[in-house]
Amino acid sequence: MCGIVGIVGKSHVNLALYDALTMLQHRGQDAAGIMTCHNGRLAQQKGVGLVQDVFDSRHMQRLLGNMGIGHVRYPTAGSSGPALAQPFYVNSPYGIALAHNGNLTNAAQLSNDLFLSDLRHLNTDSDSEVLLNVLAHEMHEQGKLRPTYDDIFKAVAGVHKRVRGGYAVVSMIASYGVLAFRDPNGIRPLVFGKRSTPLGDEYMVASESVSLDVQGFKLIRDVMPGEAIFITTEGELFTRQCADNPRLSPCIFEYVYFARPDSIMDGVSVYKVRLRQGERLADKILRLRPDHDIDVVIPIPDSSRVAGQALAYKLGVKFREGLVKNRYIGRTFIMPGQQQRKKSVRQKLNPIDLEFRGKNVLLVDDSIVRGTTCQQIIQMARDSGAAKVYFASAAPAVKFPNVYGIDMPSVSELIAHGRTTEEVAAAIGADWLIYQDLEDLIAASAAGKQAIPRFDCSVFDGDYVTGDVNQAYLDKLDADRNDRAKTKNSGESHDTTSVGGIYNH
């Protein structure tokens with residue numbers, strides 16, 4: 001999962017891009033990058049680390065221009081390092097930079113085609129570089145010295161015909177403008193908005209609406225599945241549907257875990273979705289155990305807090321903050337290596353004993369993936385004197401890998417794969433475990449301003465919306481994502497030197 005942003009303004013956009021990326025930091029903590037364009041000249045700074053570590057005042061002074069794009073990354077196959085930080089860039093044609101959130105399911109075939117047919121060289125194993133070169137080739141095929149927005153949209157249509165998977169993209173074409181587009185299923189989120197200034201209107205496109213809110217941009221709407229928007233350097237906005245058969249099928253795990261609760265995605269408030277998750281989970285508890293003996297509901301911070309509050313209210317029991325979070329530890333979900341994750345859980349959370357001692361505690365989390373975090377937290381609760389420890393997941397059991405840009409672990413490392421609920425409860429040490437039902441999660445997520453006909457729920461049901469995922473692909477993915485492969489990759493990619501001060505024209 002990554003975060004992307006693009007801005008076309010009436011003055012330098014470097015600080016606005018920086019601020020937008022800080023608001024998207026939860027979507028990726030591995031690397032960050034910004035590229036801007038000033039008088040046809042491109043400036044770039046990118047490197048491994050958090051946004052605040054990759055950029056300083058010297059970089060900001062160099063990142064001039066009234067348009068630019070930015071990216072925060074976390075690795076989707078365990079690989080890391082400065083070479084994989086985005087945006088990526090190609091000189092021909094025109095000078096095109098690109099940042100991407102998602103994963104291409106046919107990246108291997110595209111890489112081969114780019115070499116044999118398009119005669120283009122790839123420098124990394126990143127599917128984002130593949131996507132950039134496909135776009136560059138389709139732009140070249142238009143055969144124009146000075147492309148119009150019509151030529152650009154035809155190029156995006158060509159991309160949709162060749163590319164499979166989930167992708168939300170921001171791209172910058174030197175001296176022309178910022179382009180953004182979304183895959184025909186709308187799997188990964190993308191929104192755009194406008195801000196009025198004395199000099200004229202400014203536009204921003206980003207992964208989440210929260211990036212727009214904090215800088216005074218008014219949300220216009222989501223980029224539709226298959227749609228492309230192009231904003232010229234002068235601030236003219238053009239939009240066009242570029243896919244033949246678009247169908248909105250957003251990733252439901254965005255609402256469960258990744259997105260900030262103050263974001264709006266596809267017309268749906270993430271905050272309200274999580275409230276409804278808690279309410280429906282409470283209904284299930286009352287159905288199964290109307291005479292439950294739960295004394296207190298304690299959320300595992302932060303993404304389960306909203307659901308936990310709603311659940312406690314509907315159950316009529318106390319809601320307490322029994323776990324204190326260290327804000328300076330990264331999200332354990334995206335950390336490679338089981339030992340590193342175990343160590344991070346203990347550093348990240350510390351219990352308040354008085355909220356546990358002698359009580360029957362219901363811990364609430366957004367989901368259970370490997371079981372590493374919840375297993376240790378359950379033990380913390382017992383060590384703090386809890387009489388009984390129950391565990392509730394606001395999402396159904398995660399049994400299948402994600403292929404559209406979320407770094408779910410190897411299938412063998414998913415604790416619910418091949419296990420019953422009772423077996424998972426025993427494995428994590430809970431006295432009772434309750435999962436959200438998938439139909440309830442879908443109902444909680446669909447109640448927005450626009451109808452969402454289908455969600456990608458593949459991590460729960462194994463049904464991949466693009467229809468091109470077979471067992472051979474999943475086997476290859478499994479080999480790339482197991483902890484042994486991640487440890488090897490992280491060991492090979494330990495360089496933390498940022499790549500900065502690159503100028504192109």
Side-chain angles (χ1 to χ4, degrees), residues 4-18 20-21 32-47 55 57-71 85-100 120-121 123 128-129 131-156 159 169-181 192 195 197 199-206 228-238 498-505:
I4 58 175
V5 61
I7 301 176
V8 177
K10 295 300 179 181
S11 58
H12 296 308
V13 298
N14 47 3
L15 294 178
L17 287 167
Y18 177 92
L21 291 182
I34 290 175
M35 182 175 279
T36 59
C37 183
H38 182 56
N39 295 329
R41 187 173 176 86
L42 297 174
Q44 175 181 262
Q45 170 67 21
K46 61 181 180 178
F55 306 99
S57 58
R58 295 175 297 113
H59 304 136
M60 292 295 105
Q61 290 169 8
R62 287 194 286 98
L63 292 169
L64 302 179
N66 75 314
M67 68 174 182
I69 61 175
H71 186 265
Q86 298 184 38
F88 287 125
Y89 170 78
V90 291
N91 281 294
S92 177
Y94 314 117
I96 303 174
L98 179 143
H100 161 226
R120 303 189 72 89
H121 171 74
N123 198 48
S128 301
E129 190 186 11
L131 185 54
L132 168 60
N133 278 273
V134 172
L135 174 62
H137 176 78
E138 295 300 324
M139 289 286 291
H140 180 78
E141 288 292 287
Q142 304 307 309
K144 297 290 184 66
L145 178 63
R146 297 184 178 278
T148 65
Y149 68 88
D150 189 58
D151 299 319
I152 293 168
F153 289 150
K154 287 179 180 178
V156 174
V159 170
V169 174
V170 290
S171 177
M172 181 169 60
I173 306 172
S175 301
Y176 288 96
V178 168
L179 167 69
F181 56 93
F192 69 102
R195 179 174 68 184
T197 74
L199 298 176
D201 291 336
E202 300 179 322
Y203 290 93
M204 177 191 289
V205 58
I229 68 171
F230 181 65
I231 308 156
T232 69
T233 54
E234 291 77 28
E236 297 177 282
L237 173 69
F238 300 93
S498 65
V499 179
I502 298 175
Y503 288 80
N504 304 283
H505 66 286

_Between Phe192 and Leu237, does the side-chain contact (heavy atoms from CB on, under 4.5 Å) criterion hold? Intermediate values first, please._
CA-CA 11 Å; Phe192 69 102; Leu237 173 69; 3.9 Å; yes
Where do [X] and [Y] come nearest, in terms of heavy atoms and distance?
{"X": "Leu145", "Y": "Tyr176", "result": "O-OH, 3.6 Å"}
{"X": "Lys46", "Y": "Gly33", "result": "CB-CA, 3.5 Å"}
{"X": "Ala85", "Y": "Ala32", "result": "CB-O, 4.5 Å"}
{"X": "Ser128", "Y": "Gln86", "result": "OG-NE2, 2.8 Å"}
{"X": "Val5", "Y": "Ile7", "result": "CG2-CG1, 4.2 Å"}
{"X": "Leu135", "Y": "Ala155", "result": "CD1-CB, 4.5 Å"}

Is a side-chain N or O of [X] found less than 3.5 angstrom from the main chain of [Y], in a donor-acceptor match?
{"X": "Asn14", "Y": "Gln61", "answer": "no"}
{"X": "Gln45", "Y": "Phe55", "answer": "no"}
{"X": "Thr36", "Y": "Leu64", "answer": "yes"}
{"X": "Lys10", "Y": "Leu199", "answer": "no"}
{"X": "His71", "Y": "His100", "answer": "yes"}

*Can you sort out the partners of Glu202 under salt bridge (Lys or Arg N to Asp or Glu O under 4.0 Å), two or more places apart, ordered by chain and number?*
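In terms of salt bridge (Lys or Arg N to Asp or Glu O under 4.0 Å), with neighbours along the sequence ignored, Glu202 is linked to Arg195.
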*Count the heavy atoms of every other residue, nucleotide or ligand shown that sit under 6.0 Å from OH of Tyr149, and state whether that count exceeds 12.*
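Count not over threshold, so no.
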*Using the test side chain to side chain donor-acceptor pair (under 3.5 Å), find all partners of His12 that sit at least two apart in sequence or belong to another chain.*
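Applying side chain to side chain donor-acceptor pair (under 3.5 Å) to His12 gives none.
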_Which residues pass the side chain to side chain donor-acceptor pair (under 3.5 Å) test with Asp201, not counting sequence neighbours?_
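For Asp201 the side chain to side chain donor-acceptor pair (under 3.5 Å) partners, ignoring immediate neighbours, are Ser196.
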Straight-line distance of [X] [atom1] to [Y] [atom2], nearest 0.5 Å:
{"X": "Ser57", "Y": "Arg62", "atom1": "OG", "atom2": "CZ", "value": "11.0 Å"}
{"X": "Arg41", "Y": "His38", "atom1": "CZ", "atom2": "NE2", "value": "10.5 Å"}
{"X": "Ile96", "Y": "Met35", "atom1": "CD1", "atom2": "CE", "value": "12.0 Å"}
{"X": "Glu234", "Y": "Asn66", "atom1": "CD", "atom2": "CG", "value": "8.5 Å"}
{"X": "Leu132", "Y": "Phe88", "atom1": "CG", "atom2": "CZ", "value": "8.5 Å"}

State, yes or no, whether a side-chain contact exists between [X] and [Y] at a heavy-atom distance under 4.5 Å.
{"X": "Tyr94", "Y": "Lys144", "answer": "yes"}
{"X": "Arg120", "Y": "Val90", "answer": "yes"}
{"X": "Met172", "Y": "Tyr89", "answer": "no"}
{"X": "Thr232", "Y": "Phe238", "answer": "yes"}
{"X": "Pro87", "Y": "Leu98", "answer": "no"}
{"X": "Phe230", "Y": "Leu179", "answer": "yes"}

*Scan Lys154, Met139, Gln142 and name whichever one has a side-chain contact (heavy atoms from CB on, under 4.5 Å) with Pro147.*
Met139
*Assess whether side-chain contact (heavy atoms from CB on, under 4.5 Å) is satisfied between Ile69 and Ile4, documenting all intermediate values.*
CA-CA 8 Å; Ile69 61 175; Ile4 58 175; over 6 Å; no
